[in-house]
Amino acid sequence: MAILTEARPRAARRAKGIRNRDGWWAAFFLGPQLTLLAVFLLFPLGFAVVLAFMRWDGLGQKEWVGLDNFAAQLSDPEFGAAVWNTVKLALLTAPFGLALALLIAVALNSVKGGGSTACCTSCRWSPARSPSR
């Protein structure tokens, strides 16, 4: 008994080649960004997590202390005040900053003629423009 197999159509083979080529282009363009992300974000974040469990003055030898750093922070009487100050700062600045930004956007949007809106949006790009003369 013979097993019959169909040859893949020519269009399907070509589509696979295009997808493969697109994958290489995606890697070509994403490679530098992902490398910079790893170097400047992921590596320092991982190093900070490791340092959280060590005693190190920045110059000498590192000493593994485990959770002692966290226990010292939680037992410090100023820790609660620092956390409370951070919460107050976040709760006070975020709503006011958002409200101020919304008011400025509404004010710029309501101006007739659109001159101020055009000025504000083009000023953002003005350093990148070259002089016309």
Side-chain angles (χ1 to χ4, degrees):
M1 181 155 123
I3 299 175
L4 298 175
T5 60
E6 286 186 31
R8 285 192 339 192
R10 185 183 218 173
R13 285 192 307 249
R14 196 171 93 214
K16 183 179 180 197
I18 290 172
R19 282 194 304 263
N20 192 16
R21 200 173 322 131
D22 288 346
W24 282 108
W25 278 110
F28 176 74
F29 284 112
L30 287 174
Q33 285 81 7
L34 293 177
T35 302
L36 291 174
L37 177 76
V39 168
F40 291 108
L41 181 73
L42 300 178
F43 175 72
L45 183 65
F47 191 61
V49 168
V50 171
L51 282 180
F53 298 100
M54 295 186 166
R55 180 174 298 128
W56 186 42
D57 61 357
L59 297 174
Q61 293 291 326
K62 298 178 192 106
E63 177 188 354
W64 184 264
V65 293
L67 296 174
D68 291 346
N69 287 338
F70 297 100
Q73 285 297 315
L74 291 174
S75 64
D76 190 2
E78 294 180 359
F79 181 72
V83 170
W84 178 241
N85 287 340
T86 303
V87 168
K88 285 192 302 189
L89 182 68
L91 290 177
L92 291 176
T93 58
F96 289 121
L98 184 62
L100 181 64
L102 184 62
L103 285 173
I104 291 172
V106 168
L108 286 175
N109 198 26
S110 65
V111 172
K112 300 291 182 204
S116 61
T117 306
C119 176
C120 289
T121 56
S122 65
C123 287
R124 193 173 64 160
W125 298 102
S126 61
R129 291 185 178 170
S130 61
S132 23
R133 293 180 187 175

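Numbers here simply count residues along the sequence, with the first being 1.
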Looking only at non-hydrogen atoms, find the nearest pair between Ala90 and Pro95 and report the distance. O-CD, 4.0 Å
Please determine whether residues Ile104 and Leu98 belong to a single hydrophobic cluster, defined as Ile, Leu, Val, Met, Phe, Trp and Tyr linked transitively by side-chain heavy-atom distances below 4.5 Å. no
In the hydrophobic cluster built from side-chain contacts under 4.5 Å, what are the other members alongside Phe43? none
Can you tell me how far CG of Leu42 sits from OG1 of Thr35, rounded to the nearest 0.5 angstrom? 11.0 Å
Testing the basics here: between Ala38 and Pro44, what is the closest heavy-atom pair and its distance to 0.1 Å? O-CD, 4.4 Å
CD of Glu78: more than 12 outside heavy atoms within 6.0 angstrom? no
If the test is side chain to side chain contact (heavy atoms under 4.5 Å, CB included), which one of Leu89, Val87, Thr93 qualifies with Leu91? Val87
Below 3.5 Å, can you tabulate the donor-acceptor pairs from side chains in residues 61-74 to any protein atom, sequence neighbours excluded?
from: Asn69; atom 1: ND2; to: Ala52; atom 2: O; distance (Å): 2.9
from: Asn69; atom 1: ND2; to: Met54; atom 2: O; distance (Å): 2.9

Sequence neighbours left out, what passes ring pair (Phe, Tyr, Trp, His ring centres under 6.0 Å) with Phe28? Give chain and number order. Trp25
